[in-house]
There are 2 protein chains.
Amino acid sequence: MTVSITDVAEATGVSASTVSRALRGRPGVSEEMRVRIVAAAAELGYTASRSASSLAGGRTYTIGVVVPYVGRWFFGTVLDAAEKVFSAAGYDVLLYNLGSPEARKRFFTKLPIRKRVDAVLSLLIPDPEEAAALRSLDVPLATTVGGARPGFMVVGIDDRGGAESAVRHLVNLGHRRIGMISGASEPLHWTTPIDRRQGYLDVLADAGIEHDPALEADGGYTVEGGERAMTELLALRHPPTAVFAQSDEMAMGALRALRRHRLRVPEDVSVVGFDDHELSEVVGLTTVAQPVAAQGQEAARLLLAQLDDPDAGPPHPVEMPIRFILRETTAPPNPRRQR
Amino acid sequence: MTVSITDVAEATGVSASTVSRALRGRPGVSEEMRVRIVAAAAELGYTASRSASSLAGGRTYTIGVVVPYVGRWFFGTVLDAAEKVFSAAGYDVLLYNLGSPEARKRFFTKLPIRKRVDAVLSLLIPDPEEAAALRSLDVPLATTVGGARPGFMVVGIDDRGGAESAVRHLVNLGHRRIGMISGASEPLHWTTPIDRRQGYLDVLADAGIEHDPALEADGGYTVEGGERAMTELLALRHPPTAVFAQSDEMAMGALRALRRHRLRVPEDVSVVGFDDHELSEVVGLTTVAQPVAAQGQEAARLLLAQLDDPDAGPPHPVEMPIRFILRETTAPPNPRRQR
DNA sequence: AATCTGAACGCAAACGCTTGCGCAACCGGG
DNA sequence: CCCGGTTGCGCAAGCGTTTGCGTTCAGATT
């Protein structure tokens, strides 16, 4: 039916062992024989069965990537970049989309990934039990989101510093009532919302602005969440004159809420986001840019390096650069709306 | 080391064959024995090695998904939805991200997918050779993008009709100089740009508007492409008073270009898109909505159905409903800017 | 009581590869 | 000319399942 290693062996007049060694560049085969075998394999259109070779050899040449929600821009972009690195290195990518709690539970209890992958890139933060389950796979682990666990290599950004630069910008413009839209209520165990909030608090304290808990609104890291949160803030007796949204998607939701309330941005309210979503430039959103694709790339590289040389100790956490991007959704507070 | 089927067998005092049959619900095992085995397996945390079972059984319980660019909203969303269906049915997803020509070529010549998947969902249109390569895998094939090949099941939308409703809307508003932003220069072999263009032409003809080729601008299905194309149109001696962008991303690029030119939307220029991107509501873009996630779901279901019953003939192409969504980027032409 | 019939289960042969080990043949050095 | 050391290759034993077929045994049929 389909051409197997013995077909190549017979065609060349050698044993299957030799074919195996030749095709994978292992020693013990003369150069002359190697070229003959490679030629024959190409001729027959032979590709080794991954199932068979991973069963026999242990290596699967497959990387598992675990994602909370592929459709979301951030994860899609990271995945895209990581996949390119993996496939260029000859690895396949097994994708697990663990958005729903059921899917997540199913995954971590059945662990279908077991014995199927050589490494795992997790774009979600596993809780301690889940992290333990992943470690039990006994393969290199990496993540690109804040809140890594022991045993995970991590590449990320300075969330706190980023938040600081965003909020400081608002303070410098003269804002005093600065709201924050967060998503802390969403998936647990990740430190991003916490770090970004800390940056917000730090700058307020530094500027001598008293922190008003009413100015913090949660909504989940989505457009809808941002819209809900902004709506809450607008319902306040003294609404903020500026808001820091912990993600661009939430910032866009905030923009929508503001438009619904017939408020102008930035004349009436300033908005600053975080992430530099691909469409942020379109809406002119001031934000803090992080290199999303680069993080996926880097994480993938770390994993591959670890696979190449398992003895090398785990690398230090990698911190990628961020930068503040001034666009058009921020301005000094409008005196007529000041309290 | 890791628990295998024989461990379960010994723990239960039966043979490995019986364990295999019991766990997969095959006949030949008493109900009583089955529950004992299932219990033991759960206790030991046993999961069958996919490599071994696919080697022995032929089935891989894996679906290959081929995507041009995971990071793009449309594909990410389709993938997300499809993955959920697959994983709920016990299938894993192998992802191939074929954005670059090199990746694409590598994939189709080496065909690493061979013997690794039970079915393939392609979100890109293979050229005839590539399609033949996929057919040679001898597994069910499906796609969600226009321009399917023989041997592929297809779920899609009425691109032409959608374009018609978008352009008709502009005509009804009173526009006569209606531009179109297209991406025909991008990946070949897919009929979407062609169909949408045809819808555009149909409506113009129907309304007795002479078609001016200068009003068609190409730019690739991206924000940047849309921006470039819009910029071109604005450089015309008689720029259009309204434009139909073949995708929302291009429409957003157009919006950006218009903002850069200090033109107001919709007062100066009307814009209508296609797709209903998740952020289109945020920018208030009038567009034609297509059920993106639902298409991924449906395609996945078709594949699973085909796997369950290989003898069932291939289903008819599925056409999903679309609907026009009126938002805020369209209005009657501004008399002061009429030519 | 002898025979037949299923149901329930075990045996062993694949599935297609990898890899430790063994065995020639050949090399140059003493 | 003998011998230790390479080099190049084949043998065969796995890797963990699935599955066709054979066996056993209890109960039904004559």
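So you know, we letter chains A, B, ... as the sequences are listed, proteins then strands, and number each from 1. Side chains are part of it too, since the values below use all heavy atoms of this structure and drop only hydrogens, waters and symmetry mates.
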- Has A:S17 got a side-chain N or O lying under 4.0 Å from the OP1 or OP2 atom of D:dC9? no
- Query: Which distance, rounded to the nearest 0.5 Å, do you find between the OG1 of B:T144 and the CG of B:L124?
  - Reply: 9.5 Å
- Note on the structure: Atom CZ of A:R116 and atom P of D:dG16 are separated, to the nearest Å, by 16 Å
- In terms of heavy-atom contacts, B:A11 and B:L44 come closest through CB-CD1, 4.1 Å
- Message: Taking the minimum atom-to-atom distance to the side chain of A:T18, which one of D:dC9, C:dG16, C:dG10 wins?
- Response: D:dC9
- For B:R34 and C:dA7, give me the distance from atom CZ to atom C1', rounded to whole Å. 13 Å
- Separation of atom CZ in B:R59 from atom C1' in D:dT18, rounded to whole Å: 13 Å
- Can you tell me the distance, in whole Å, between the CG atom of B:L23 and the P atom of D:dT18? 8 Å
- Message: By the 4.0 Å heavy-atom rule, please label A:R21 as base, sugar-phosphate, or nothing.
- Response: base
- Item | Spacing between B:L55 atom CG and C:dC15 atom C1', to the nearest angstrom | 4 Å
- Message: Is the terminal nitrogen or CZ of A:R59 (NZ for Lys, CZ for Arg) located under 6.0 angstrom from the six-membered ring centre of A:Y61 and within 45° of that ring's axis?
- Response: yes
- Query: Given D:dT18, is OP1 or OP2 found less than 4.0 Å from the side-chain N or O atoms of B:Y61?
  - Reply: no
- If you check the A:A52 side chain, which of D:dT17, C:dT19, C:dG16 turns out closest? C:dG16
- Item | d(CZ, B:R26; C1', C:dA7) in whole Å | 18 Å
- Query: Sub-3.5 Å donor-acceptor pair from the side chain of A:R135 to the main-chain atoms of A:P150, do we have one?
  - Reply: yes
- Query: Are any of A:S49's side-chain N or O atoms less than 4.0 Å away from OP1 or OP2 of C:dG16?
  - Reply: no
- Query: Is any side-chain nitrogen or oxygen of A:S30 closer than 4.0 Å to OP1 or OP2 of D:dC9?
  - Reply: yes
- From the list D:dC11, C:dT18, D:dG16, which nucleotide is the closest neighbour of the side chain of A:S20? C:dT18
- Starting from P on C:dG16, measure out to CG on A:L44 and report it in whole angstrom. 15 Å
- Task: Rounded to the nearest angstrom, tell me the gap between atom CZ in A:R50 and atom P in C:dT18.
- Result: 11 Å
- Query: Are B:E298 and B:R301 within salt-bridge range, i.e. N to O under 4.0 Å?
  - Reply: yes
- Query: Given D:dC9, is OP1 or OP2 found less than 4.0 Å from the side-chain N or O atoms of A:S15?
  - Reply: no
- Task: Have a look at B:G28 and say if it touches a base, only the backbone sugar-phosphate, or nothing, with a 4.0 Å heavy-atom cut-off.
- Result: base
